[in-house]
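In what follows, a structure is listed as structure tokens, so that the remarks can point back to it.
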Number of protein chains: 2
Amino acid sequence: MDADGIHGQLDTLILATLKRGEAHGYAIIAALKESSGEQLDLPSGTVYPALRRLERAGYAAGKWTQASGRRRRVYAITDEGLAALAKGREDWLALREVMSAVLGP
Amino acid sequence: MDADGIHGQLDTLILATLKRGEAHGYAIIAALKESSGEQLDLPSGTVYPALRRLERAGYAAGKWTQASGRRRRVYAITDEGLAALAKGREDWLALREVMSAVLGP
DNA sequence: GACTATATGTAGCTGGTCTACATATCAAGA
DNA sequence: TCTTGATATGTAGACCAGCTACATATAGTC
């Protein structure tokens, strides 16, 4: 699936990934690819702006690190981020119910 | 749920409603409210542009009718619309799988 | 020395959805 | 009769998420 199939769930997906542990953008892309069973392959132009958005919103805290010469911006989920993730999950479940009700089982 | 929770599924929801039988905008809003168990309450400013979009795309065919003095634009789903609905359903199922895989069961 | 993987990001665009507004008819009740 | 609410359709203007394509840099490998 490419990114235009995720329709507003991007933040929730990223926050869910960060909940498992802090990570940098490239690793998040790889983790989502892995945890989705190779179904998700998000372009960097989608993920990096999303991370800055999450940071600006206070849902993730980023810090620069250095790993074998490469600079990385590592993000950790905040308390607000955990709350946002919980809300995102609820919204998702509500959407799931509505879609099931309308589309059929 | 208001319309900002449906994230790109609007067309699929409308096409699914039209599949049950032709309908006009106001009736579609009411039908979605009913079939979702009162969870969905879409504003007209969301639904009417969506219908014109679907018509422009060839997924729905609209015609003016008159019912007790009120003019109505009644839409019927086309063959292309049925195909688009099938694809929308597949996309939805794929998204569901990805979200389940990442968020957990 | 060239190529691939790792790693981050910007520029410009498209398009869906929102809020608020505008319009008109019909039915019911004060 | 007048007002209100339900029915019914739509436009204007704006926002913002996600897209594609591009730009940049280092490390390791062949």
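The model shown is predicted, which means the values in this text are computed figures rather than measured ones. Per chain, numbering begins at 1; letters A, B, ... match sequence-line order.
As rounded to whole Å, 16 Å separates atom C1' of C/dT17 from atom CG of A/D91. Atom CD1 of A/I29 is separated from atom C1' of C/dT6 by 11 Å (rounded to the nearest Å). One interatomic measurement links the two molecules: CG of B/L42 to C1' of C/dG16, which rounds to 13 Å at whole-angstrom precision. The distance between atom CD of B/Q9 and atom C1' of D/dA17, rounded to the nearest whole Å, is 15 Å. B/E55 has its CD atom 13 Å from the P atom of D/dT9, to the nearest Å.
A cation-pi arrangement is absent between B/R52 and B/Y48 under the rule of less than 6.0 angstrom and at most 45 degrees off the ring axis.
Contact between the side-chain N/O atoms of B/R71 and the OP1/OP2 oxygens of D/dT7 is not found at any separation under 4.0 Å.
Closest to the B/D11 side chain, of the nucleotides C/dT17, D/dA6, C/dG9, is C/dT17. Distance from the side chain of B/P43 is smallest to C/dT19 among C/dT19, D/dA8, C/dT8. The side chain of B/Y48 lies closest to D/dG10, out of C/dT17, D/dG10, D/dT7. Set against C/dT10, C/dT8, D/dA27, the side chain of A/R72 has C/dT8 as its closest nucleotide. Set against C/dC26, D/dA17, D/dA27, the side chain of A/R70 has D/dA27 as its closest nucleotide.
Of the possible donor and acceptor atoms, none in the side chain of B/T12 sits under 3.5 Å from a partner among the backbone N and O of B/L85. In this structure, the side chain of B/Q39 does not engage the main chain of A/V98 through any donor-acceptor pair within 3.5 Å.
Nearer the 5' end of DNA chain C, as judged by each residue's closest nucleotide, is the contact made by B/A50, out of B/S44 and B/A50.
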